[in-house]
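Data block below; observations after.
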Number of protein chains: 2
Amino acid sequence: MNKAYAFLLGTAFLAVPAFAQQAEPLDAAVVEKIRQEGLKNSQVMDIAFYLTDVNGPRLSGSPGLARANQWTKDKLTSWGLKNATIEPWGTFGKGWEVEKSYLALTKPYYQPMIGSPKAWTPSTNGTVKGQVVLVKATKEEDLAQYAGKLKGKIVMMQVNNPIKTSFEPSAFRYTDEQLQKMAEPVQPSAGRAPMSEEQMAAFRARRALATKMSEMFLQEGAAAVLSSRSGSHGTFFTSNGASYAQDAKPVLPEFEIALEDLARMSRLLSAGIPVEVELESKTRFVTDDPQGYNVIAEIPGTDKKLKSELVMLGGHIDSWHAATGATDNAAGVAVMMEAVRIIKALNLQPKRTIRIALWGGEEQGLHGSRGYAKKHLGDAQTMQTLPEYDKVSAYFNLDNGTGKIRGIYTQGNEAVAPLFKEWFKPFHDLGATTVTNRNTGGTDHLAFDALGIPGFQFIQDELEYDTRTHHTNMDTYDRLQPEDLKQASVIVASFVYQTANRKDKLPRKPKPQPKQS
Amino acid sequence: MNKAYAFLLGTAFLAVPAFAQQAEPLDAAVVEKIRQEGLKNSQVMDIAFYLTDVNGPRLSGSPGLARANQWTKDKLTSWGLKNATIEPWGTFGKGWEVEKSYLALTKPYYQPMIGSPKAWTPSTNGTVKGQVVLVKATKEEDLAQYAGKLKGKIVMMQVNNPIKTSFEPSAFRYTDEQLQKMAEPVQPSAGRAPMSEEQMAAFRARRALATKMSEMFLQEGAAAVLSSRSGSHGTFFTSNGASYAQDAKPVLPEFEIALEDLARMSRLLSAGIPVEVELESKTRFVTDDPQGYNVIAEIPGTDKKLKSELVMLGGHIDSWHAATGATDNAAGVAVMMEAVRIIKALNLQPKRTIRIALWGGEEQGLHGSRGYAKKHLGDAQTMQTLPEYDKVSAYFNLDNGTGKIRGIYTQGNEAVAPLFKEWFKPFHDLGATTVTNRNTGGTDHLAFDALGIPGFQFIQDELEYDTRTHHTNMDTYDRLQPEDLKQASVIVASFVYQTANRKDKLPRKPKPQPKQS
């Protein structure tokens, strides 16, 4: 038995064939220390508590995000990390926050409603009480009938997605079968068929109609817009209702509300029964600093030759505004911070420098990580690279909620797969096993992957991510799973440590070609 | 083959043994007509729409309940029912309704909260902004530390029930196995053990402490109370925060709020972080008429000898206030109304008189049905009965949400079990099969059962009843299941018709003894 696996004695892994263990021996003693520190002395829930309950929403550009940036920078410094900095990544636009939100049905009877102003929408003119007008339009001509009738009115569109009662649980963990399937290469035919010409035209027509409607409602002097995307039982999904650009076009105040509330109004108005609502939104724009920021900090490397090289880890710290962004993505930030805390607490001596990055502007298009990449690493369009480009061994990202780590996506980097398989072995008992060569998108590892730098996102149990937490008003501390976050912290700490101390940087995919402009 | 089952040809029920069918032949042609009318021309969702979306909450004594009483009386009359009346059942107390409800966290940051004033609590003194005080007390002495410190404050108790992520679906239907188990007699040992002396003492102590706290908060001049029972993801459960009696003791304004919102404040205050909220409740008491009412209407019997006898059906029409009481119990009312509509629409000629009763005051203690029983049937304490006592063949009740009928409880009346089994046969294909001699409680059939008059509640699929709808702010029209309600309507119509037209009244259990006073 390989000494490296001594601590696994008594577990299910005695049968691991010897040759696999030879590939790249793990520092089993260090992994065991990481497990002890991360599972027994975890601070991950304390970190998450501060990022969510104490700090509040962290919308890009908002005072809330600025507070969180300052707190994380100070916290990382307090643990002994070096060079902690709140670093601008480029121009973002306007900050925005909610100072008041009130919303109720007042006719045919009184009932409070659940909702929130959409991000970057303006205040109402104080408390507004007005009739609700249900606008039914499938093409521009349909709008003519509303001309001259919307002054002071609250407008809404028909609700076409009635709420279905679900017999499925809103929280689930991956089964072994599902994980196994994820590990298989994707069949070329398995992808979604591209949109047909006809579908594209219909999509463009819908978008053009939506723009036309917004303009018309504004011109006609409507008081506010009510809308809803999805959700149920008091959970609603939220987003922005206007651009955050400094020169954004004016829009009406708009609330995103519980589908139950909107569906009721839709049914009443469709039956010819007048509906009146009372509402107030008071929102504040912050325009004194158009820049966006990331928080960066380091554990300097200790090997004379290797300390100029970097192992990066991170996740985005910005969130949507209607809750405290617990699973999207205080969870990821807390885990990444806890991972470096564990490494510092154990006084591990990483050969390479470990750099943690907490990104801003992710929700609006991975702005923070892309801005960082452009500034530090290179231009993904021209593929002109900067000196640090060759120094980064890997970037590890976490941004899929509160669920524990079940595996990792290599993004098609098949050469790293055997390493990661090996690195997961001490964590098989905690449910982390799967290495897939598939791609996953939607978050900040893409900024690295686009340059050909190894950038990875972990596979996490989804729990309630799509049903209840991701971009909802219910993404609160209550959703966080302490045991899952501890598990993720020790796995990330271990992966980062292995990457920092192995002989070579991680293998890279071939360098991408410059994009056609 | 028995003619009565001709329409079942081609279904799974050809194998029913002939002897069972002889017991009491069903009028198969009528049952088939009821199915056609109730499944093809249903108005059950229209009725439910008016009771919920159009009418609003129907709290006992409120203007909302008065509107619903008037609407149902008119509707029943419009279908040709006779003697429709809004009949007082006795003294209820005060009416109450919400005119404004606003609630937000304002420190450490702004975020709207989800909640509602508790029923029968007074208005706040306009908009109140105040510090939240977390009161930690397990015995009266613990309260001393808060003396002189609560003036103008918002008080809350510690939240001890953190929200667990559930891997179970919130909606479910009974499995065959579960139904089979329900049909078995209860083992005497299966019941819950009675409270021990010690437990009783602890329970009384907790109640006494709660009363003491309420009095103290009021005396100290606190501005409002925040509380939560349970619920998650924006769903909260609601109830009353004060007595509805005309001479009720004064209480503070109190909001029942989403557990997420209360839990956050509890965590923040426990960590020593100041919390401020802004809130306003404007509630209106209605004191001009202390009486409570039921809605009663009839389809007169057509048989000279039997028309003085009664078959009754009903459900409570009152609801809680934080939603529109869709599953509790607009669903039951809509089904019972639809059942009599079907009977009228088909111009069936019931031998006995069919009387529908929509009860008020159920949520506060089955007041409407008990008041009715006392006035029309007899006194369940003394067992002194009135002339109508002997005339009632049966009362059928529906009050377990929107789920379809899966069976019926006989309340230990074993003699009716064979009849009901027979009557369910034409509905086996719709999932209704189970007859259990067990008791079920909690709703208006008890008022009849207490007198020894056959009173039955159906077994219904629970769907989201305990998790999302029963007494919550999310008990809205969206929760209603059209196919389930149609199924229930045809089964009730059929049961009522069979009861009205069979030779004898339904068998009764032995007459109860007078209760010891």
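These numbers were taken from a predicted model, which means no experiment stands behind them. Every chain is numbered from 1 and lettered A, B, ... according to where its sequence line falls, protein lines coming before strand lines.
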Tell me, for A/Thr52 versus chain B, whether the close heavy atoms (under 4.5 Å) come from the side chain, the backbone, both or neither. backbone

With a 4.5 angstrom heavy-atom cut-off, which part of A/Leu463 approaches chain B: side chain, backbone, both or neither? side chain

Max heavy-atom pairs within cutoff under 4.5 Å with chain B, candidates A/Gly234, A/Pro169, A/Ser170, goes to A/Pro169

Would B/Glu462 and B/Arg173 pass as an ion pair if we require N to O under 4.0 Å? no

If you tally heavy-atom pairs under 4.5 Å between each of A/Pro57, A/Pro63, A/Pro108, A/Ser101 and chain B, the highest tally belongs to A/Ser101

Measure A/Leu268 against the heavy atoms of chain B and call it side chain, backbone, both or neither at under 4.5 Å. both

In terms of heavy-atom pairs under 4.5 Å with chain B, the winner among A/Thr402, A/Thr469, A/Thr324 is A/Thr324

Top residue by heavy-atom pair count (under 4.5 Å) with chain B, among A/Asn55, A/Asn473, A/Thr472? A/Asn55

Max heavy-atom pairs within cutoff under 4.5 Å with chain B, candidates A/Ala322, A/Gly231, A/Gly64, goes to A/Ala322

Check the side chains of A/Thr238 and A/Glu256 for a donor-acceptor pair under 3.5 angstrom, ignoring hydrogens and angles. yes

Run the side-chain contact (heavy atoms from CB on, under 4.5 Å) check on A/Trp71 and A/Ile47 step by step: do they pass? CA-CA 10 Å; A/Trp71 183 83; A/Ile47 303 167; 4.0 Å; yes

When you check the side-chain N and O atoms of A/Tyr102 and A/Glu278, is any donor under 3.5 Å from an acceptor? yes

Identify which part of B/Glu464 has an atom lying under 4.5 Å from any heavy atom of chain A, answering side chain, backbone, both or neither. side chain

Can we say B/Arg267 and A/Asp478 salt-bridge, meaning some charged N sits less than 4.0 Å from an Asp/Glu carboxylate O? yes

By salt bridge (Lys or Arg N to Asp or Glu O under 4.0 Å) - contacts of B/Arg58 (at least two apart): none

Among A/His321, A/Gln111, A/Arg67, A/Gln481, residue most engaged with chain B (heavy-atom pairs, under 4.5 Å): A/Gln111

